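Everything numeric here is computed off the predicted structure, so don't read it as measured data.
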Amino acid sequence: MTVVTRFAPSPTGFLHIGGARTALFNWLYARHHGGRFRLRIEDTDRARSTDEAVEAIISGLGWLGLDWDGDVVSQFSRAAHHTGAAERLLADGKAYRCYCTPEELAEMREHAKKSGRSMLYDGRWRDRDPAEAPSGVDPVIRFKAPRQGETVIHDHVQGEVRVATDQLDDMVLLRADGTATYMLAVVVDDHDMGITHVIRGDDHLTNAFRQTQLYHALGWEPPAFAHIPLIHGPDGAKLSKRHGALAVEAYREMGYLPEALCNYLLRLGWSHGDDEIIGTEQAIRWFDLDGVGRAPARFDLARLSNLNGHYLRRADDERLTRLILPRLAEMLDGKLAEDAPNRIEKGMPGLKERAKTVTELTENAMFYARKRPQPLTENAARVLDGEARRRLGRLRRSLAAIGGWNTEAVEAATRGLAEEEQIALGKIAQPLRAALSGATVSPGIFDVMVVLGKEETLGRLDDVVESP
RNA sequence: GUCCCCAUCGUCUAGUGGCCCAGGACAUCGGCCUCUCACGCCGAAAACGGGGGUUCGAGUCCCCCUGGGGACGCCA
């Protein structure tokens, strides 16, 4: 049997971190088993579905590198199949019309809660004579759920879960306007699309019971279920917009790499022994449902940042340069030094070693991109006192005399001066750093000199040097 | 309220009855390296929620409690 999984988001918002993980797990599972991964947009709620949201979901998946097989299925476009299934159930006596008004139902729930009962529909139209139907009320179609025994699902993550069927009420299949509810639509679509494994959030666990009943009523074999635990915010509460349930692309904005986010999401709720750094290829090879944990996990930015730092250090210099150039242009109002792109790519090995996010990388690269004169941070200004500036003047002279401008030569010149003046290397390296980068923190200063080139280095020194 | 799920360091987790006075990673704190900051390396502190069983033996199995989470829509 070929494995077929699916990701079925509702287009009522962006693709957030929880949805991204669900998509990732489904994708990984399909790829691992050489199966298919489908994308279905659950847009049966026309009032809340938007094209922008569909776009956002698709671009989010694209950024993460999660590609799907076949066309994107619009659930709404399959409406005829949904109503067809409902009619069949109606004809088989497995569904019935219910004429309750919303107010009546609200009252029913209120009353049930007050008297300590579960808030289920009481089935008042289940066996009522249709002749009693009030006029002018469009009925909904409800499922005539079994009343006896219990419903069991064999979940690949949660194990065997059972519930007494009297806990499950007669769910609405078709709304008063004749459109299908989610519960009916998923079952019909998953069946028609040949979905073999439904991997989704824990919040759907109780839905799985109802859906199982529907599968049976329709004479279909239910798919395998795997309900993965939800992701919580850092405080343990449900993930909300305040702490982490941002669009995945918000993480792109914050400077995270898609491969880092995938690795992070993968380890949130899934493990393979003590392995932490797991690239996509490796993940496909290793991923399976038995590695999925059962406890909810908290979202932790520090961990994501650490992973991001790891992938950043291994990322291609040219790619990173492409990533930060537009950011630099924006921060510097378009006033980039002519040589900026070149310098940044050349300096990237030293830059990426010191950043955890693309945002940080951009900030650290700023001094390469900026035109002279380099503004000084408060600390840098403090380092550049009179003595330091005079010393830099002397250093400038020996640097100017260098023929082959390379790391060894500039280092030799700098160390030579320190030795000559009987001072620690730091006494000259820090002022030099301040002059060249405008800050007290930078990549190795000899590398910086080489990246800037002789002319720019001497120029930047001239900007701060004080004649003896 | 009813039903369902979950429970190992601050966080993510390893652990499937003896190999665990519980291992790894992030974060934290020391130290080394060193031109700064990172990286890297070395080290420290840090957990089986509580109570009952079962067993020669329980983090691991069972029950209860507690605590967290989820579901209960003509939303998905």
Side-chain angles (χ1 to χ4, degrees), chain A residues 8-12 42-45 47-49 75 98 100-102 105-106 109 112-121 138-142 155 157-159 161-164 166-169 171-177 179-183 185-186 201-207 209 227 229-230 232 234 236-238 264 267-277 293-307 309-310 313 350-356 364 379 383 411 414-415 418 424-430 432-434 437 439-446:
Chain A
S10 63
T12 51
E42 310 236 313
D43 50 0
T44 51
D45 184 354
R48 302 204 303 170
S49 301
Q75 186 158 66
C98 165
C100 288
T101 60
L105 292 170
R109 277 189 277 270
K113 188 168 185 174
K114 239 185 271 173
S115 58
R117 308 282 320 172
S118 53
M119 302 188 291
L120 301 173
Y121 171 67
D138 288 327
V140 298
I141 306 297
R142 281 184 186 272
D155 194 277
V157 171
Q158 307 292 345
V161 189
R162 51 182 68 228
V163 70
D166 61 11
Q167 290 299 324
L168 272 18
D169 62 0
M171 65 189 131
V172 172
L173 264 21
L174 250 38
R175 304 184 181 100
D177 65 3
T179 60
T181 59
Y182 161 78
M183 213 60 84
V186 238
D202 219 354
D203 49 342
H204 283 286
L205 186 58
T206 46
N207 290 337
F209 292 116
H227 289 92
L230 267 17
H232 290 170
K238 189 178 181 178
Y264 176 69
R267 282 290 288 105
L268 213 52
W270 178 85
S271 63
H272 184 270
D274 283 337
D275 296 299
E276 301 286 352
I277 305 286
R294 294 194 290 177
R298 299 187 189 204
F299 189 82
D300 179 22
L301 261 187
R303 206 176 155 73
L304 171 59
S305 292
N306 173 269
L307 236 22
H310 171 88
R313 289 193 289 279
L351 251 18
K352 66 186 181 186
E353 189 84 12
R354 292 167 170 76
K356 289 214 182 327
N364 296 347
N379 286 339
V383 168
E411 177 160 3
T414 311
R415 285 191 189 276
L425 180 59
K427 286 286 185 202
I428 183 70
Q430 275 306 88
L432 181 56
R433 166 168 291 112
S437 74
T440 52
V441 174
S442 84
I445 200 61
F446 307 123

Please give the distance between the [atom1] atoms of [N] and [M] as a whole number of Å.
N     : M     : atom1 : result
B:C61 : B:G18 : P     : 12 Å
B:G68 : B:A27 : C1'   : 23 Å
B:C64 : B:C5  : P     : 12 Å
B:C63 : B:G23 : P     : 29 Å
B:U13 : B:C65 : C1'   : 27 Å
B:C39 : B:A58 : P     : 43 Å

Base B:A25 paired with A:D275 side chain (donor-acceptor, <3.5 Å): no
Flag side-chain contact, heavy atom, 4.5 Å: A:R294 against A:V157: yes
Taking a pair as Watson-Crick or G-U wobble with both distances under 3.5 Å, which nucleotide is matched to B:C29? B:G43
Please identify each residue that fulfils side-chain hydrogen bond (donor to acceptor under 3.5 Å, both in side chains) with A:D300, with sequence neighbours left out. none
Those residues at least two apart in sequence (or on a different chain) that pass side-chain hydrogen bond (donor to acceptor under 3.5 Å, both in side chains) with A:D275 are A:H272
Figure out the CG/C1' separation between A:D202 and B:G68, and round it to whole Å. 13 Å
Nearest 0.5 Å, what's the CD-CG distance between A:Q430 and A:L425? 9.5 Å
Is A:S305 reaching over with its side chain to a backbone N or O of A:K356, donor-acceptor style, under 3.5 angstrom? no
Within the structure, does a side-chain N or O atom of A:T44 lie under 4.0 Å from either OP1 or OP2 of B:A76? yes
Looking at A:R142, I'd like to know whether one of its side-chain N or O atoms comes within less than 4.0 Å of OP1 or OP2 on B:C74. yes
Check the orientation of A:Y182 and A:H204. Use parallel for under 30°, tilted for 30 to 60°, and perpendicular for over 60°. tilted
Protein-nucleic acid N or O pairs under 3.5 Å, nucleotides 39-46 of chain B:
residue : atom : partner : partner atom : Å
B:C39   : O2'  : A:E353  : OE2          : 2.9

